[in-house]
> 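Structure in structure tokens, see below.
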Amino acid sequence: MKIGVGCDHGGFNLKDSVLKAIKDSNVEYIDYGTNSLDSVDYPDYASLVAKAVLNKDVDMGVLICGTGIGISIAANKYNGIRCAHVTDGFSAQMAREHNNANIMALGGRITSSDDAYAFTKIFIQTNFEGGRHQKRLDKISNIETEQSK
Ligand code: RB5
């Protein structure tokens, strides 16, 4: 498994905890930046990671901005991306089990390093349950198809 990680300046300080959780899980990753506290635009990093997931360069992604809101909104503009804005461990688990989320978004200004580490481990180690949840994801795909017309 390979995880794509991207952040803006508001998420930069939290990125190390996310990368550590990935490394400690013996999973590979690609770091799509940003790599400093200099101001950047979160849609650019959402695009890099969303495209990497859709192209199968990575299996899943983690995105971080100040709140996790803007970067998740941007990522979810891509058909096929299910980006979950996560602020607790239960949601990290449900995002995978029920929503088959392929990207998790975190907020660097609202989530502690310890929590980011824990949420990342949960997210990458939890599998989609399928079953009744697949029917609901199919309905999301139908919405995307309808919107593309
Ligand atoms: C950048 O200041 C901030 O707006 C961004 O990181 C994010 O929180 C947007 O949702």
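Hydrogens, waters and symmetry mates are skipped; everything else that's a heavy atom, side chains included, is used. We count ligands from 1, going down the list as the structure has it; atoms in each ligand are counted the same way. Numbers here are sequence positions counted from 1.
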> For a 4.5 angstrom cut-off between non-hydrogen side-chain atoms, does I103 reach Y78?
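They are not in side-chain contact.
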> Tell me which residues fall inside the under-4.0 Å heavy-atom shell around ligand 1.
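Near ligand 1, by chain and number: D8, H9, Y42, C65, G66, T67, G70, R109.
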> For the backbone of A101 and the side chain of R96, can you confirm whether one donor and one acceptor N or O come within less than 3.5 Å of each other?
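The answer is yes, because a donor-acceptor pair under 3.5 Å joins these two groups.
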> Once you round to the nearest 0.5 Å, how far does CZ of R136 lie from CG of N100?
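These two atoms lie 14.0 Å from each other.
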> Name all residues meeting the salt bridge (charged side-chain N to carboxylate O under 4.0 Å, His left out) criterion together with K20; count only those two or more places apart in sequence or in a different chain, and write none if there are none.
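Per chain and number, K20 pairs via salt bridge (charged side-chain N to carboxylate O under 4.0 Å, His left out) with D24.
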> Tell me, do F123 and V86 make a side-chain contact under 4.5 Å, heavy atoms counted?
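Result no, sub-4.5 Å side-chain heavy-atom pair not found.
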> Let me see the working for I140 and N99 under side chain to side chain contact (heavy atoms under 4.5 Å, CB included), right down to the final yes or no.
CA-CA 10 Å; I140 293 176; N99 310 116; over 6 Å; no
